[in-house]
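First the structure, in the form of structure tokens, and then the observations on it.
Lettering of chains follows the sequences in order, A, B, ..., and the numbering in each one begins at 1.
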2 protein chains.
Amino acid sequence: MRTYGQYCAVAKALDVVGDRWTLLIIRELLLRGACRYTDLRDGLPGIATNLLADRLRDLEEAALAAREEAPPPIATTLFRLTERGAQLAPVLKALGAWGAPLMEKAQRDEEFRGHWLALPVATYLRDHTPDRPPVSIQVNVADEAVVVETADGTVRARPGTAPDPDATLTGAPPVVIGLFVGRLSLAQARARGLRVEGGVGALRRLGIS
Amino acid sequence: MRTYGQYCAVAKALDVVGDRWTLLIIRELLLRGACRYTDLRDGLPGIATNLLADRLRDLEEAALAAREEAPPPIATTLFRLTERGAQLAPVLKALGAWGAPLMEKAQRDEEFRGHWLALPVATYLRDHTPDRPPVSIQVNVADEAVVVETADGTVRARPGTAPDPDATLTGAPPVVIGLFVGRLSLAQARARGLRVEGGVGALRRLGIS
DNA sequence: CCGGATCCGGGTTGATACTG
DNA sequence: CAGTATCAACCCGGATCCGG
């Protein structure tokens, strides 16, 4: 293991998670929970398969992740974060908040995965009236379906569809993300091609207007 | 510039600051303010000089740092963070907090610089009675002199000496840091070689006992 | 299909020496 | 003081292959 050799908490943290791809692997495991190798590879477009295998070994050695053999009906290997690994969430949040302004430029030839939405959703959205019954918003973006739903005061995003969503959003990644991080108003997002079905009450409730 | 090619705030942040050494250079500039090239090199033991030059160029291009020519009496080049660069402070704090447990093992052949103390000081210490007159604590560690002082509710550390400190601490880096992050009590630190001169009132005020 | 291992070319890093 | 120049070693990315 290459190390900075400095007796400093930041340097020691970077000794463990400072390698290329490592924090992005942790992002995937944080956002999606237990993952198969193939799911990870799909959520990390651009990674070389040998690097993914190497990093997973490193993470296992550092006790940030663990592999578990799923029981017979599934019969596959799953990777999940340990508690120590999950404690990196504040680091990823800080990085994501700092990097949010870099999302303004429209991407060209950049990959996108719908479940990445969970990061800005958790960072920027709050349920302002948690006492009322939960709402769910279906978001269709980049050919992926993601559900944004309230859960005891916080807001979560997960891959999948909602049976009876309070609202449905469809649009390009920069528009949806701009809306979620507050850079675009609902009107501006609509002007940029966002399609909204259902009531806007559910959106207002998350601070989107 | 090598990029992950992902339309994700974390990936884009890492595109900019994810290279080896980059965040440590920002640590130095955050902790010490405007720095000369040589000061940076000294605060980053282990870095190769060409890498430092490369990274400073990259930081300048990314508008995270700027170089300024000091006026004639000094006649040297200074590097300082831009506002955008300084906004990385929460990232470094999160990394430092996560890495703090890794500081327990005593270091062997690891470098240490006194001004690195500023990071745990700012993260872990609070002035519990900010209305009373400010206090200053001189810390002698690793042949460097650092002053820890209160300033309107927060606690700062800076290189240098205090003219008339309320207390003086002398000890090995792991002991001083253990004391500051709360892993060691004052008694435990003393048992591990910490020398304390002056009253412990100033220490209690920062939550050290 | 899943979970990698292996190989190879090129780019990056690190150590040292040197310079205006 | 503030870097360049040089070169070896290592790491990364892409492609291919392989056992369940």
Side-chain angles (χ1 to χ4, degrees), chain A residues 1-6 11 14-25 28-29 32 34-62 65-80 109-111, chain B residues 1-6 11 14-25 28-29 32 34-62 65-80 109-111:
Chain A
M1 184 182 94
R2 186 167 52 169
T3 167
Y4 287 107
Q6 298 184 359
L14 290 173
D15 282 343
V16 180
V17 298
D19 276 342
R20 194 164 162 75
W21 289 106
T22 299
L23 279 174
L24 293 185
I25 294 173
E28 286 300 304
L29 291 171
R32 316 220 314 201
C35 277
R36 291 178 304 176
Y37 186 88
T38 316
D39 298 331
L40 283 173
R41 205 173 44 184
D42 176 71
L44 294 162
I47 197 172
T49 172
N50 58 342
L51 272 198
L52 178 54
D54 283 355
R55 292 292 180 271
L56 286 172
R57 241 191 315 274
D58 294 344
L59 288 176
E60 236 180 310
E61 274 182 37
R67 87 178 59 202
E68 58 189 44
E69 302 299 329
I74 313 185
T76 184
T77 312
L78 291 180
F79 298 88
R80 77 165 67 240
D109 304 332
E110 283 189 329
E111 301 277 354
Chain B
M1 184 182 94
R2 188 166 46 171
T3 168
Y4 287 107
Q6 299 184 358
L14 290 173
D15 281 344
V16 181
V17 299
D19 276 343
R20 196 164 161 76
W21 289 107
T22 299
L23 279 173
L24 293 185
I25 293 173
E28 285 301 302
L29 291 170
R32 317 220 314 200
C35 275
R36 292 177 303 179
Y37 185 89
T38 318
D39 298 331
L40 283 173
R41 204 174 42 185
D42 176 72
L44 294 161
I47 198 173
T49 174
N50 58 344
L51 268 200
L52 178 54
D54 283 355
R55 293 291 181 270
L56 286 172
R57 242 191 311 275
D58 294 343
L59 288 176
E60 238 180 309
E61 274 183 39
R67 88 178 58 202
E68 59 189 44
E69 302 298 327
I74 312 182
T76 184
T77 312
L78 291 180
F79 298 87
R80 78 164 68 238
D109 305 332
E110 283 190 327
E111 301 279 351

Rounded to whole angstroms, how far apart are CG on A:Leu51 and P on D:dC11? 11 Å
Please lay out, stage by stage, how B:Arg2 and A:Arg20 fare under the test side chain to side chain contact (heavy atoms under 4.5 Å, CB included). CA-CA 11 Å; B:Arg2 188 166 46 171; A:Arg20 194 164 162 75; 3.4 Å; yes
How far apart are the C-alpha atoms of A:Arg36 and A:Leu78, what are their side-chain angles, what is the distance that settles it, and do they pass the side chain to side chain contact (heavy atoms under 4.5 Å, CB included) test? CA-CA 5 Å; A:Arg36 291 178 304 176; A:Leu78 291 180; 3.7 Å; yes
Within the pair B:Arg57 and D:dG3, is there a side-chain N or O less than 4.0 Å away from OP1 or OP2? no
What I want to check is whether the side chains of A:Tyr37 and A:Thr76 have a donor and an acceptor closer together than 3.5 Å. no
When we call it a touch if two heavy atoms are under 4.0 Å apart, what does A:Asn50 touch: a base, just sugar-phosphate, or nothing? base
Nucleotide range of DNA chain C contacted by chain A, 5' to 3', under 4.0 Å to a heavy atom? C:dC2 to C:dG14
Which whole-number value in Å describes the distance from B:Leu44 CG to D:dA2 P? 14 Å
Rounded to the nearest angstrom, tell me the gap between atom CD in B:Gln6 and atom C1' in D:dG13. 14 Å
Hey, does the side chain of B:Thr38 come within less than 4.0 Å of D:dA2's phosphate (OP1/OP2), counting only N and O? yes
If only atom types and distance count, is the side chain of B:Gln6 paired as donor or acceptor with the main-chain N or O of A:Glu110 below 3.5 Å? no
Would you say A:Tyr4's side chain and B:Trp21's backbone share a donor-acceptor pair under 3.5 angstrom? yes
Here the distance between atom P of D:dC1 and atom CD of B:Glu69, to the nearest Å, is 15 Å
Which comes earlier along DNA chain C counting from the 5' end, the contact point of A:Phe79 or that of B:Trp21, where each point is its nearest nucleotide? A:Phe79
Output the distance between atom CG (A:Leu56) and atom CG (A:Leu40), rounded to the nearest 0.5 Å. 6.0 Å
Given that B:Leu56 and A:Asp54 both sit by DNA chain D, which one's nearest nucleotide is further toward the 5' end? B:Leu56
What integer distance in Å separates A:Arg41:CZ from D:dG13:C1'? 14 Å
Between A:Arg67 and A:Tyr4, whichever has its closest DNA chain C nucleotide further toward 5' is A:Arg67
For A:Asp19 and for A:Thr49, find the nucleotide of DNA chain D with the closest heavy atom, then tell me which residue's nucleotide is more 5'. A:Asp19
Is B:Arg32 reaching over with its side chain to a backbone N or O of B:Asp39, donor-acceptor style, under 3.5 angstrom? yes
Do the side-chain N or O atoms of A:Arg20 get closer than 4.0 angstrom to the phosphate oxygens (OP1, OP2) of D:dC12? no
